[in-house]
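Right, one structure below, let's go through it.
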Amino acid sequence: MPHYQSWEEFSRAAEKLYLTDPMKVRVVLKYRHCDGNLCVKVTDDAVCLQYKTDQAQDVKKIEKLQGKLMRFMVSKESHSMTMETD
Amino acid sequence: MVLLENDSFLTELTRLFQKCRTTGSVYITLKKYDGRTKPVPRKGNPETFEPVDNKCLIRATDGKKKISTVVSTKEVIKFQMAYSNLLRAHIDGLKKKDKKSKSKKTKATQ
């Protein structure tokens, strides 16, 4: 259940986990305005990757990762890691 | 669990964020969806279901109220833009990076 300190590592591990089994993996985002923190979790119910932050600069990164995974999810799974553009 | 259209979902999500500004958390979940509307049948019963490949399920809750929506390939571009804008607009209570490398006094953010 690793907590990642580096966004780069977390993001790479998250994409990798998603690609091993897209149907099983879910991405959870938890935001607490009163505490000023944001927590992302990517899990397939066996492996759980987490990243916590209180930095405004990470919001964009997290939102981009979510967008990327969302696009993977709605694209036909013919090839991985490349974005569908048609 | 309320299943909404993409636009209604985004409106309700905005409301959730606004409600939770003083206390509480907003949880958002994103998962690939194969379009099934019936539970997985027990063994012995043949599964007559054809999974689709191009949908995902987005859920949100504040711990009490639950909302969800299904996004498919046709809607994803529009939805994703609106969704990103929403996140960036509402997730604003975090610390900004100090330009000075030595920060003896950390500024408290409101």
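Reminder, nothing fancy here: chain letters follow the sequence lines and each chain counts from 1. Side chains included, hydrogens not; waters and symmetry mates left out as well; all remaining heavy atoms used. Computed from a predicted model, the values in this text were never measured in an experiment.
With respect to A:Val74, the side chain to side chain contact (heavy atoms under 4.5 Å, CB included) criterion is satisfied by exactly one of B:Thr73, B:Ile77, B:Asp53: B:Thr73.
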(request) Please step through side-chain contact (heavy atoms from CB on, under 4.5 Å) for the pair B:Leu94 and A:Asp58, ending with a clear verdict. (result) CA-CA 9 Å; B:Leu94 303 184; A:Asp58 285 332; 5.9 Å; no
(request) Mind running side-chain contact (heavy atoms from CB on, under 4.5 Å) on B:Ile28 and A:Val28 for me, showing each step along the way? (result) CA-CA 6 Å; B:Ile28 303 174; A:Val28 185; over 6 Å; no
(request) Let me see the working for A:Leu29 and B:Leu87 under side-chain contact (heavy atoms from CB on, under 4.5 Å), right down to the final yes or no. (result) CA-CA 11 Å; A:Leu29 187 69; B:Leu87 286 190; 4.2 Å; yes
(request) Determine, stepwise, if the pair B:Lys95 / A:Asp54 fulfils side-chain contact (heavy atoms from CB on, under 4.5 Å). (result) CA-CA 6 Å; B:Lys95 295 194 196 124; A:Asp54 57 356; 2.5 Å; yes
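Going from atom NZ of A:Lys24 over to atom NZ of B:Lys31 covers 9.0 Å, rounded to the nearest 0.5 Å. In this structure, CE in A:Met70 is found 13.5 Å from NZ in B:Lys32, a value given to the nearest 0.5 Å. Note: A:His33 NE2 to B:Arg21 CZ = 4.0 Å, rounded to the nearest 0.5 Å. Note that CD1 of A:Ile62 and CZ of B:Arg88 are 12.5 Å apart. Values are rounded to the nearest 0.5 Å. Here the straight-line distance linking atom NZ of A:Lys41 with atom OH of B:Tyr27 works out to 9.0 Å at 0.5 Å rounding. In this structure, CG in B:Leu30 is found 8.5 Å from OH in A:Tyr18, a value given to the nearest 0.5 Å.
The contact between B:Val76 and chain A is made entirely by side chain atoms (from C-beta outward), counting heavy-atom distances below 4.5 Å. Both the backbone and the side chain of B:Ser84 come within less than 4.5 Å of a heavy atom of chain A. Proximity to chain A (any heavy atom under 4.5 Å) is restricted, for B:Lys55, to the backbone atoms N, CA, C and O.
Residues B:Thr29 and A:Arg26 have side chains that never bring a donor and an acceptor to within less than 3.5 angstrom of each other. Side-chain atoms of A:Glu63 and B:Tyr83 include no donor-acceptor pair closer than 3.5 Å.
Counting heavy atoms of neighbouring residues, nucleotides and ligands inside a 6.0 Å radius, atom CZ of B:Arg59 does not exceed 12 of them. Around the CE atom of B:Met81, the shell of radius 6.0 Å holds no more than 12 heavy atoms that belong to other residues, nucleotides or ligands. Heavy-atom neighbours of B:Lys66 NZ from other residues, nucleotides or ligands within 6.0 Å: at or below the threshold of 12. Annotation for A:Gln57: atom CD counts as buried by contact number, over 12 foreign heavy atoms lying within 6.0 Å.
Considering all non-hydrogen atoms of both residues, A:Arg71 and B:Gln80 come closest at NE-OE1, 3.1 Å. The two residues B:Gly24 and A:Cys34 come nearest to each other via the heavy atoms N-SG, 3.7 Å.
Linking Ile, Leu, Val, Met, Phe, Trp and Tyr whenever their side-chain heavy atoms come within less than 4.5 Å leaves B:Val70 and B:Leu13 in two separate clusters. Hydrophobic clustering (ILVMFWY, side-chain heavy atoms < 4.5 Å, transitive): A:Val25 and A:Leu69 are in one cluster. Residue B:Val52 is not grouped with residue A:Met73 when hydrophobic side chains (ILVMFWY) are merged at heavy-atom distances under 4.5 angstrom, including chains of intermediate members. Note on B:Ile91: it clusters hydrophobically with B:Phe79, by side-chain heavy-atom contacts below 4.5 Å among ILVMFWY residues. Hydrophobic cluster membership differs between B:Leu57 and B:Val2, with clusters built from Ile, Leu, Val, Met, Phe, Trp and Tyr side chains linked at under 4.5 angstrom.
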